[in-house]
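Please read the structure below before turning to the comments.
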Amino acid sequence: MHDMNLFSEIRGLVLDQLGKMVEAGELPEGLDFSNVKVEPPRDPMHGDMATNAAMVLARPAAMKPRDIAARLAERLVADARIAAADVAGPGFLNLRLGVEAWHEVIAAVLTEGKGFGRSNIGGGTRVNVEFVSANPTGPLHVGHTRGAVFGDALSSLLEFAGWDVTREYYINDGGAQVDVLARSVYLRYLEAHGEAVEFPEGTYPGDYLKPLGEELKARVGDAYVGQPEAVWLDEVREFATARMMDLIREDLAALGVRMDVFFSERSLYGTGRIEGALELLREKGLIYEGVLEPPKGKVPEDWEPRVQTLFRSTEFGDDVDRPLKKSDGSWTYFAPDVAYHYDKILRGFEELIDVFGADHGGYVKRMKAAVAALSDGKVPLDIKLIQLVRLFKGGEPFKMSKRAGNFVTLRDVVDRVGPDVTRFVMLTRKNDAPLDFDFDKVLEQSKDNPVFYVQYAHARVSSVMRKARGFGWDVSDQTLAAEDFAPIAHEAEIDVVRKLAEWPRTVEIAARNHEPHRIAFYLYELAAEFHALWNRGNDLADLRFLREGDEAASRPKIALARAVAVVISAGLAILGVKPLEEMR
RNA sequence: GGCCCCGUAGCUCAGGGGAUAGAGCAACCGCCUCCUAAGCGGUAGGUCAUAGGUUCGAAUCCUAUCGGGGCCGCCA
């Protein structure tokens, strides 16, 4: 199967011809072609594609860029796909493709269906995407929602581009916060027994723990009433974290996110795995007992120098060495994290991705240092920081009128606007830019709302397909793919096809950079091209997709519309959004 | 004080070594006897925070400065 990415295909052609120029003595031997690019030009007036080959090679070849470009142009136009090759500016070579090349794109989309744009740049590399990983102490909130959507879409994107992806959730069930959870549930349990309770600082007063108090009462009766922590803490903690994870799983399911692995921090304890990871670091000479400098700036009131077990993360670019054991000998939270990432390496993952909230930015360097140390630099770790979501309603800042807790949950969002809208909107910003989420605007049916705009394009195609089928025409992808596309020649139509041809390239760039938002932006652009063409049909009957009573004239146009729908649904599938057949 | 992210049109943001920097909103002017006008076309709007540097070429890379946000012993 040949490469359906038209850009890499043409780049291949350029490289072939450059090679032939070397053979012919028109270029010196030993040139590095790796920086040669074939891209869409910034200004479409310049052509369909542009290559920088001549400019990149001019210096190493000791030739003038325009001379190289001119010779390359001669060779390229000999290819059937290239209609024109013009030297421009400082040495750009602008390529114009023949219409046949564009027609092949339509056929390819319809033949490959949602597989169009799928690639194997990942080469089956095993990648672990860890995301959400919220503490199991309550329901997921908006911030987690963005991280969940991002991680899931990134995972789908990587799968689509040929990676072997595992979606993973790290359950922080080993630290002090799950003890706090247990105590909070215990208070609800006492409450269920009719006691008046207060929630002191450092406990979770949220209503969501009430049912757990009741359930605990139903399970153990009054066995824990009036008993010291030692009696009930372990069991209540286990019960409570299990229930919280049920809750979190339900939240994720409501959003349409399914994890492959839930990894328990607690499962690392008492197994020697934390010790094992640290032992490996010790063997590498990266562990020592020492005292850290006090932090610069505002020093904590009670700061005093203490000896701790430290990891030489500074050898891997961190700012200070990081404690693994507290002065009392217990683990810091960093230690199990190190062991956890070591476990990922041992499980054979060749690439790791962590999706964190932006407030964990200070954690990035030490985690990368740990993974570099444990894998001898062989396993890359990319950490994506997810910026805040700012909630609005009708343009006004939105606050949940929730007693205690007072945070907006994933459920609040999904119940109001649905999972599809939530997901799409969450991906309309780069991960490291703050996101404004307006409960009213995201439901608005207008072009201000990108979700609607993209869905509307898909619905319009569906409408065309319904009508065509209503006429009794066979408009299956298979038969449409076999059409003669010669009537697809108008610039407005080719604009749409050009955008379709960019899809595989968009997937590759998005996957390589771990940037799923590029998919959302692409879909918006594709929808815009489609809507533009649709409207041209108002003036020019030739450009309409459907001409009642003229199946022959309609079929190639229907094929084009259908190709748009196929790519939109492929893109939406990566984002985890269901395409709509109609908007009503 | 240190580290990280951000600074692009009036507003919200794309673009992250290439040619005259893009889109949406807001403003102004147009387009419905015709596949959903829930849409489309056009006009206007920019010293890409600032100053240096690297490069044939910088919004993009480097350094410094200014502005906004986040994090900053053993909390997770």
Side-chain angles (χ1 to χ4, degrees), chain A residues 35 37 39 41-43 45-46 50 52 55-56 58-59 65 88-92 94 135 137 172 174-178 180 202 265 291-300 302-306 308-309 318-320 322-334 337 357-365 385 387-388 428-436 441 444-450 452-453 455-457 459-461 463-464 466-468 513 517-518 521 524-525 528 530-541 543-548 554 557-558 561 582-584:
Chain A
N35 287 328
K37 292 181 191 170
E39 297 175 306
R42 176 168 283 184
D43 184 344
M45 295 303 290
H46 292 138
N52 61 352
M55 286 182 292
V56 170
R59 182 197 281 270
F92 282 101
N94 292 326
N135 291 338
T137 54
N172 286 282
Q177 77 284 355
V178 284
V180 172
E265 174 189 358
V291 179
L292 289 175
E293 295 284 309
K296 298 276 159 62
K298 51 176 179 191
V299 177
D302 56 345
W303 195 91
E304 53 183 285
R306 285 180 188 159
Q308 305 168 81
T309 301
D318 202 355
D319 309 304
V320 290
R322 303 293 177 175
L324 291 160
K325 262 187 190 177
K326 305 178 197 173
S327 50
D328 67 2
S330 63
W331 301 121
T332 63
Y333 57 89
F334 184 47
D337 276 357
D359 54 342
H360 286 62
Y363 208 57
V364 170
K365 285 187 179 180
L385 297 179
Q387 267 293 353
L388 292 179
T428 53
R429 268 319 78 107
K430 273 188 298 196
N431 59 286
D432 52 12
L435 171 80
D436 289 350
K441 282 190 181 156
E444 213 168 88
Q445 302 212 333
S446 75
K447 65 172 174 176
D448 310 9
N449 179 0
F452 167 79
Y453 191 76
Q455 290 282 25
Y456 185 41
R460 274 181 152 173
V461 177
S463 161
V464 167
R466 273 194 302 273
K467 288 201 174 173
N513 294 303
H517 76 274
R518 288 176 184 267
F521 280 96
Y524 183 86
E525 291 165 10
F530 178 74
H531 288 309
L533 174 57
W534 180 286
N535 256 67
R536 295 299 296 274
N538 291 337
D539 305 328
L540 287 172
L543 293 182
R544 291 181 201 159
F545 297 107
L546 268 188
R547 308 184 68 180
E548 193 165 353
S554 299
K557 315 285 190 178
I558 295 173
E582 53 185 351
M583 300 304 297
R584 302 185 199 287

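Because the structure is predicted, anything quoted here is derived from the model rather than measured. Every chain is numbered from 1, with letters handed out A, B, ... down the list of sequences. In what follows, every heavy atom counts, from backbone to side chain, and hydrogens, waters and symmetry copies are set aside.
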message: Taking atom CD as the centre, does A:E548 end up with more than 12 heavy-atom neighbours from other residues, nucleotides or ligands that are less than 6.0 angstrom away?
response: no

- prompt: Over how many whole Å does the gap from A:D318 atom CG to B:C71 atom P extend?
  reply: 18 Å

- prompt: Expressed in whole Å, how much space separates the C1' atoms belonging to B:G16 and B:U60?
  reply: 5 Å

message: Could you tell me how far B:G46 sits from B:G22 if I compare only their C1' atoms? Round to whole Å.
response: 11 Å

message: Side-chain N or O of A:K430 versus OP1/OP2 of B:G15: is the shortest distance under 4.0 Å?
response: yes

- request: Report which part of the nucleic acid A:P434 touches: base, sugar-phosphate, or nothing (heavy-atom distance under 4.0 Å, all strands).
  value: sugar-phosphate

Rounded interatomic separation in angstrom, taking CD from A:Q387 and P from B:C6: 9 Å

query: What distance, rounded to whole Å, do you find between the two P atoms, one in B:A27 and one in B:U63?
result: 43 Å

- request: Tell me whether the OP1 or OP2 atom of B:G22 has a side-chain N or O from A:Y524 closer than 4.0 Å.
  value: no

query: Mapping A:E39 and A:Y333 to their closest nucleotides on RNA chain B, which lands nearer the 5' end?
result: A:E39

message: Check this for me: does any side-chain nitrogen of one of A:K365 and A:D319 sit under 4.0 Å from a carboxylate oxygen of the other?
response: yes

message: Work out how far the C1' atom of B:C6 is from that of B:C13, and round it to whole angstrom.
response: 13 Å

message: When you compare the ring of A:H46 with the six-membered ring of B:A19's base, are the centres less than 5.5 Å apart and the planes under 30° from each other?
response: yes

- request: Would you kindly compare A:G362 and A:P41 by the position of their nearest RNA chain B nucleotide and give the one closer to the 5′ end?
  value: A:P41

Minimum-distance nucleotide (side-chain atoms of A:L546 versus B:C13, B:A37, B:C35): B:C35

- prompt: If the C1' atom of B:U47 is compared with that of B:A21, how far apart are they to the nearest Å?
  reply: 13 Å

message: Measure CZ/A:R429 against C1'/B:G15 and give the value in whole Å, please.
response: 13 Å

- request: Output yes when at least one side-chain N/O atom of A:R518 is less than 4.0 Å from OP1 or OP2 of B:C13, else no.
  value: no

- prompt: Pick one for B:C32: is it syn, with its angle within 90° of 0, or anti?
  reply: syn

- request: Flag the pair A:N135 / A:V178 as yes when at least one side-chain heavy-atom distance between them is below 4.5 Å, and no otherwise.
  value: no

message: Given B:C6, B:C40, B:U36, identify the nucleotide with an atom nearest to the side chain of A:K447.
response: B:C40

- prompt: Heavy atoms, side chains only, cut-off 4.5 Å: are A:F92 and A:M55 in contact?
  reply: yes

Whole-Å distance separating the CG atom of A:N449 from the C1' atom of B:C25: 13 Å

message: Counting distance alone, no hydrogens or angles: does the base of B:G24 have a donor or acceptor under 3.5 Å from a partner atom on the side chain of A:D448?
response: no

task: Tell me what A:R544 touches on the nucleic acid: a base, only sugar-phosphate, or nothing, going by heavy atoms under 4.0 Å.
output: base

- request: Return the stacking result for B:A19 and A:F92: yes when the ring centres lie under 5.5 Å apart and the planes under 30°, no otherwise.
  value: yes

query: If we take the C1' atom in both B:G52 and B:C11, what is their distance in whole Å?
result: 32 Å

query: Quick one: is B:G18 close enough that its OP1 or OP2 comes under 4.0 Å of any side-chain N or O from A:K37?
result: no

message: In whole Å, I'd like the distance from the CG atom of A:N94 to the C1' atom of B:U20.
response: 14 Å

query: Between A:H531 and B:A23, does any side-chain N or O lie under 4.0 Å from OP1 or OP2?
result: no

Complement of B:U63, any strand, by Watson-Crick or G-U distances under 3.5 angstrom: B:A51

statement: Paired to B:G1 by Watson-Crick or G-U wobble criteria (both distances under 3.5 Å) is B:C72

message: If you compare every side-chain N and O of A:K557 against the phosphate oxygens of B:C35 (OP1, OP2), does one of them come in below 4.0 Å?
response: no

- prompt: What is the base-pairing partner of B:G39, counting Watson-Crick and G-U wobble geometry with both distances under 3.5 Å?
  reply: B:C31

- prompt: Rounded to whole angstroms, how far apart are CG on A:N35 and C1' on B:G18?
  reply: 12 Å

- request: Assign A:A358 to base, sugar-phosphate, or nothing according to its heavy-atom contacts below 4.0 angstrom with the strands shown.
  value: sugar-phosphate

- prompt: Under 3.5 Å, is there a donor-acceptor pair between the side chain of A:E444 and the main chain of A:N449?
  reply: no

- prompt: To the side chain of A:D436, which of B:A76, B:U36, B:C13 is closest?
  reply: B:C13

message: Suppose we define a pair by two distances each less than 3.5 Å, Watson-Crick or G-U wobble; what does B:A23 pair with here?
response: B:U12

message: Can you classify the ring geometry of A:F452 versus A:Y456 as parallel (below 30°), tilted (30 to 60°) or perpendicular (above 60°)?
response: parallel

statement: Of B:C40, B:A19, B:U36, the nucleotide closest to the side chain of A:Y453 is B:C40

query: What nucleic acid atoms does A:F452 come within less than 4.0 Å of, heavy atoms only: base, sugar-phosphate, or nothing?
result: base

- prompt: Touch check for A:S327, heavy atoms < 4.0 angstrom, all strands: base, sugar-phosphate only, or nothing?
  reply: base

Rounded distance in Å - CG (A:L385) to P (B:G69): 18 Å

Rounded distance in Å - CG (A:N52) to C1' (B:U55): 14 Å

message: Taking the C1' atom in each of B:A64 and B:G57, what is the distance between them to the nearest angstrom?
response: 24 Å

- prompt: Looking for any heavy atom pair under 4.0 Å, which part of the strands does A:H517 touch: base, sugar-phosphate only, or nothing?
  reply: sugar-phosphate

message: Please check: side-chain N/O of A:Q308 versus main-chain N/O of A:T332, any donor-acceptor pairing under 3.5 Å?
response: no

C1' atoms of B:U8 and B:U50, separation to the nearest Å: 14 Å

Main-chain N/O of A:R547 paired to A:S554 side chain as donor or acceptor, under 3.5 Å: yes

message: Once you apply a heavy-atom cut-off of 4.0 Å, does A:A433 come out as touching a base, just sugar-phosphate, or nothing?
response: sugar-phosphate

query: Taking only N and O in the side chain of A:S463, is any of them less than 4.0 Å away from OP1 or OP2 of B:C35?
result: no

message: Using a 3.5 Å distance criterion without hydrogens, assess whether the side chain of A:N431 forms a donor-acceptor pair with backbone atoms of A:L385.
response: yes

- request: For A:D359, answer base if it contacts any base atom (sugar-phosphate contacts may also be present), sugar-phosphate if it contacts only those atoms, and nothing otherwise; contact means non-hydrogen atoms under 4.0 Å.
  value: sugar-phosphate

- prompt: Side chain of A:W534: nearest nucleotide among B:C35, B:A76, B:C5?
  reply: B:C35

